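What follows is a short report on a single structure.
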Amino acid sequence: MRLITHNMLKCHVKNCTDPDKQFPLRFKDVQLEQIDAERNDEFLVRMLPRIDWPALSKTTKELDITLPETVPGNPEDDEEFLQALHTAILETHIKQGSMLCDGCGHEYKITNGIPNMLLAEHEI
Amino acid sequence: MPAFILQFAHCHEDFRLAELDALSELEGVAVRYDAAGYSAESPILVVEIDSAASAAKLVRRAILIRSVSEYWGSGATYAELFAEVKRTPDRWNEYMQKSFKFTVEGFGRSLTQKEKVAVIESFSFLGFEGPIRMKDAEAEFLVCEEYGETDLPVPPETPKKLWFGRIVGRGSRHLIDVFDVKKRKYLGNTTMDAELSLVMANQALAQPGTLVYDPFMGTGSFLLTCAHFGACSMGSDIDGRQIRGTAGFRRGVNGISANVDQYQVADRVLGSAVFDISRNPWRAGALFDAIVTDPPYGVRAGAKRLGRKNGTVPQKSFTVIDGVENYKRSDYYPPTVAYEMSAVVSDLLAFAAERLVVGGRLVYWLPTVADEYEPEDVPLHPALRLVANSEQPFGSWSRRLITMVRVAASPERAASQVAAHDPAHKNFRDKYFNKFEPL
């Protein structure tokens, strides 16, 4: 699972609705893998407005990944920024581990890079 | 604008104009044609495009268009056709010394080599002096003899129409072979055929910079074809086994990652997740440029969603088995109930209205019962505009590829349509297994 996907997922357990707690999900016991990918600047620039930057910032800090605090004025011209963003959201894979919700405590397991986000019977 | 001849492939007739329109938007090439005057019985459509270069660009990704040619002439007879060609002799000059090739085809009738040669020789009035090259000719010409299809055992003697033009561009039908499911490393019993998976990518305007999502990804066909055209893709499914490859026809290859490697799209197939789309974890906002999907009709793949018949029993989550609460066990799978087809579709539209960017596209298959279908069956939504509806008939039932575009209305819950009757796709599963006889 890449960080770009993680940035788009929140906890959806019934009654877990505090926006500050249900998103972003907190990683726990994760195994990361860096896999090189071709730079895709058109995609990065187009996705920027859809990325929740504070959440990405928070998550990358937790994982010890370098990312600028804020988005520069002209991101499409900022090579350093694009490379850092690319590495963070497209090249960093979470292979194993889980995502924890600070609101309700649900633990979403990640196996072979695929998160299981099925809810249990009491959570729907 | 100058005229061009589009030569369609002989299949999926109802999808042709929809794909043409999608490509026009995708490539930014305006194309004018008389839709009302076009009959799917003909493999030829005359269109207006501003230039040969634009025409080539327009069709380069087409799956249902074989070629596009500069229009030089047409007629019911060769006399008529030649007369028209002879009205523009100035344009022949450019090809006087060039190497050239003539392709002569019959639609609805196979032409013998002798017949083809005779046709080519009849064009000698053009006076081309260059060498004939079967491969890499500088100028290629197409002669199409349109006999039309017939139920008779013998093809018609005389053609309905004759067409002549200079080929300026070709489509991408070669991709059908590249993505052939028979060659695919991993597949399942619901894997969509290559041709339509590719058409869907065109309908979705999948292109570099865009993000496409399939909420019923199965073995990931659309993630692959959209990524092939430069989009990034994501998918989810309630059945993790399809994604992981622990179900499906070819196990032990690690599921969809085998296909991602096969087609070298690992950089753009961004990820997959296991969840019920009707209880999905996506955060609020417009996230996707396109949603491309084949929802389960309940026939081959049981359409299901989380829940329990007669209501959930929350206590069951907490039953302790071998010291661990049920829902925390590694083999826990929550109960599911049937997901009825019309609910699947209306939920899909509601989801698309929220999660697509404005201008983004929803491309999905709607199964329908041939005898009962009415255009009003196609669900609508105030935030989505219907742009295409193409039928693939299977006899007593069909499926329709529906394309909708998110418009800038606020995505409130659609007022329930007051339908004159239940849509043909309601309870589709029951109808299918009842052989579409009246229930």
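Everything numeric here is computed off the predicted structure, so don't read it as measured data. Protein chains get the first letters and strands the later ones, always in sequence-line order, with residue 1 at the start of each.
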Answer with side chain, backbone, both or neither: which region of [X] has an atom nearer than 4.5 Å to a non-hydrogen atom of chain A?
X: B:Asn280; value: backbone
X: B:Ser257; value: neither
X: B:Pro335; value: side chain
X: B:Val313; value: both
X: B:Ala231; value: neither

Using a 4.5 Å heavy-atom cutoff, which residues in [range] come close to chain B?
range: residues 81-108 of chain A; answer: A:Leu90
range: residues 63-73 of chain A; answer: none
range: residues 36-46 of chain A; answer: A:Asp36, A:Ala37, A:Glu38, A:Asn40, A:Glu42, A:Phe43, A:Arg46

Can you find a heavy atom in the side chain of A:Met8 that is under 4.5 Å from one in the side chain of B:Tyr213?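 No, every pair of side-chain atoms sits at 4.5 Å or beyond.
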Quick check on the interface: out of [options], who has the most heavy-atom pairs with chain A under 4.5 Å?
options: B:Cys232, B:Gly271, B:Gly240, B:Gly230; answer: B:Cys232
options: B:Asp289, B:Asn326, B:Leu306; answer: B:Asp289
options: B:Leu270, B:Ile243, B:Leu211; answer: B:Leu270
options: B:Ser330, B:Ser272, B:Ala284; answer: B:Ser272

If you look only at pairs with a residue in residues 217-236 of chain B, which of them pass as a ring pair (Phe, Tyr, Trp, His ring centres under 6.0 Å), with sequence neighbours excluded? B:Phe179-B:His228
In Å and rounded to the nearest 0.5 Å, what is the [atom1] to [atom2] distance from [X] to [Y]?
X: B:Tyr327; Y: A:Leu119; atom1: OH; atom2: CG; answer: 11.5 Å
X: B:Tyr332; Y: A:Leu118; atom1: OH; atom2: CG; answer: 9.0 Å
X: B:Ser317; Y: A:Glu123; atom1: OG; atom2: CD; answer: 7.0 Å
X: A:Ile124; Y: B:Arg279; atom1: CD1; atom2: CZ; answer: 4.0 Å
X: A:Met117; Y: B:Ser236; atom1: CE; atom2: OG; answer: 10.5 Å

Give me the atom names and distance for the closest heavy-atom approach of B:Pro281 to A:His12. CB-ND1, 3.2 Å
Considering non-hydrogen atoms only, spot the tightest contact between B:Val357 and A:Arg50 and give its length.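 Nearest heavy atoms, B:Val357 then A:Arg50: CG1-CZ, 3.6 Å.
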Interface residue of largest heavy-atom contact number with chain B, from A:Val13, A:Leu25, A:Asp52, under 4.5 Å: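 Most heavy-atom pairs within the cutoff with chain B belong to A:Asp52.
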Among B:Arg308, B:Gln315, B:Lys316, which one satisfies side chain to side chain donor-acceptor pair (under 3.5 Å) with A:Glu121? B:Arg308
Should A:Asn112 and B:Arg244 be marked as a side-chain contact (heavy atoms from CB on, under 4.5 Å) after you check the CA-CA gap, both sets of side-chain angles, and the distance that decides it? CA-CA 9 Å; A:Asn112 280 346; B:Arg244 296 199 176 96; 5.6 Å; no
Closer than 3.5 angstrom, by distance alone: can the side chain of A:Lys10 be matched with the main-chain N or O of B:Trp282 as a donor-acceptor pair? yes
Could you tell me whether the side chain of B:Arg283 and the main chain of A:Leu9 form a donor-acceptor pair under 3.5 Å? no
Could you tell me how the ring of B:Phe318 sits relative to the ring of A:His122: parallel (under 30°), tilted (30 to 60°) or perpendicular (over 60°)? tilted
Flag if over 12 foreign heavy atoms under 6.0 Å of NZ, B:Lys304: yes
